[in-house]
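Below: the structure, in structure tokens.
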Amino acid sequence: MKQAIVARTDVGMGQGKLAAQVAHASLSAYEKADKRTRDRWKSGGQKKVVLEGESERQLHELSEIADGRGLPNALIRDAGHTQLESGTVTALAVGPGDEDVVDRVTGELSLF
């Protein structure tokens, strides 16, 4: 079991903003997973990776692929209170899900 969080590199988020957006994405996708998936992921150590995303378009495309594979996923839009404009897509979490299925969606991306 694994979760991959794709964070945009093209919007200039500071480290704290990046950490917050990754956390939002992880929790949001986790909440969309069914109980069996959540329990399996939790009991397996909650494996997750953070990957580089290059654009809003890429995150939307990956979300559509994840939907097609039946993976829980969550696109995160910033509230606009600090560094970014309201509604800016910042991150996408894919999974939790079986590691090989998550990798079919995000496996080509570089580690952040």
Side-chain angles (χ1 to χ4, degrees):
M1 297 294 288
K2 176 179 179 177
Q3 184 181 64
I5 302 98
V6 184
R8 286 181 61 189
T9 59
D10 65 322
V11 292
M13 289 183 278
Q15 291 180 347
K17 171 63 77 177
L18 174 68
Q21 299 304 297
V22 166
H24 287 315
S26 178
L27 184 57
S28 294
Y30 168 82
E31 290 175 336
K32 291 181 177 183
D34 61 46
K35 181 173 178 7
R36 180 177 176 274
T37 299
R38 290 192 314 261
D39 290 347
R40 283 182 57 215
W41 186 56
K42 284 172 63 177
S43 69
Q46 301 176 7
K47 181 177 183 180
K48 61 189 77 64
V49 295
V50 180
L51 306 169
E52 293 183 347
E54 61 187 30
S55 67
E56 179 176 345
R57 179 179 177 177
Q58 181 187 43
L59 272 58
H60 283 285
E61 290 170 355
L62 293 169
S63 176
E64 288 178 18
I65 294 168
D67 283 339
R69 296 189 183 275
L71 287 168
N73 66 91
L75 273 169
I76 301 304
R77 293 182 182 276
D78 192 65
H81 298 301
T82 56
Q83 298 176 11
L84 304 173
E85 288 190 34
S86 179
T88 301
V89 173
T90 57
L92 166 71
V94 176
D98 289 329
E99 187 165 355
D100 62 327
V101 180
V102 173
D103 285 347
R104 283 186 219 131
V105 178
T106 62
E108 300 288 320
L109 302 175
S110 297
L111 289 173
F112 204 100

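The residues of the chain are indexed from 1 along the displayed sequence.
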Passes side chain to side chain contact (heavy atoms under 4.5 Å, CB included), Leu109 versus Thr106? Steps please.
CA-CA 6 Å; Leu109 302 175; Thr106 62; 4.3 Å; yes

Could you tell me whether the side chain of Leu92 reaches within less than 4.5 Å of the side chain of Val94, counting heavy atoms only?
yes

Minimum heavy-atom separation for Gly53 and Val6, please, with both atom names.
CA-CG1, 3.5 Å

Here the gap from Leu27 atom CG to Ile5 atom CD1, rounded to the nearest 0.5 Å, amounts to 11.0 Å

Check: Arg69 and Arg104 side chains under 4.5 Å, non-hydrogen atoms:
yes

Hey, could you give me the CZ/CG distance between Arg77 and Leu84, rounded to the nearest 0.5 Å?
12.5 Å

In this structure, would Val101 and Trp41 fall into the same cluster of hydrophobic residues linked by side-chain contacts under 4.5 Å?
no

Are any non-hydrogen side-chain atoms of Val89 and Ile76 less than 4.5 angstrom apart?
no

Any non-hydrogen side-chain atom of Ser86 less than 4.5 Å from a side-chain atom of Asp78?
no

Under a 4.0 Å N-O cut-off, is there an ion pair linking Lys2 with Asp103?
yes

Testing the basics here: between Leu18 and Ala7, what is the closest heavy-atom pair and its distance to 0.1 Å?
CD1-CB, 3.4 Å

Could you tell me which non-hydrogen atom of Ala93 sits nearest to which non-hydrogen atom of Ser26, and how far apart they are?
CB-N, 3.9 Å

Leu111 vs Val50 side-chain heavy atoms within contact, under 4.5 Å
no

Does Leu51 belong to the same Ile/Leu/Val/Met/Phe/Trp/Tyr cluster as Val102, with side-chain heavy atoms less than 4.5 Å apart forming each link?
yes

Under a single-linkage definition using a 4.5 Å side-chain heavy-atom cutoff for Ile, Leu, Val, Met, Phe, Trp and Tyr, are Val105 and Val49 assigned to the same hydrophobic cluster?
yes

Can you tell me if Thr82 and Lys17 form a side-chain donor-acceptor pair at under 3.5 Å?
yes

Take a 6.0 Å sphere around CD of Glu108 and say whether it holds more than 12 heavy atoms from other residues, nucleotides or ligands.
no

How long is the span from the CD atom in Gln21 to the CZ atom in Arg8, to the nearest 0.5 Å?
11.0 Å

Atom CG of Asn73 and atom CG of Leu59: how far apart are they, to the nearest 0.5 Å?
10.0 Å

Just by distance, with hydrogens left out, do Glu64 and His60 show a side-chain donor and acceptor under 3.5 Å apart?
no

Is the closest side-chain heavy-atom distance between Gln3 and Lys47 below 4.5 Å?
no

From Lys32 atom NZ to Leu71 atom CG, the distance as rounded to the nearest 0.5 Å
12.0 Å

Under 3.5 Å, is there a donor on one side chain and an acceptor on the other for Glu54 and Thr9?
no

Please lay out, stage by stage, how Thr90 and His24 fare under the test side chain to side chain contact (heavy atoms under 4.5 Å, CB included).
CA-CA 10 Å; Thr90 57; His24 287 315; over 6 Å; no

If the threshold is 4.0 Å, N to carboxylate O, is there a salt bridge linking Asp34 and Arg36?
no

Using a distance-only test with no angle check, is there a side-chain donor-acceptor pair under 3.5 angstrom linking Ser55 and Asp10?
no

What closest approach, in Å, do Ala74 and Ala29 show between heavy atoms, and which atom pair accounts for it?
CB-N, 3.6 Å

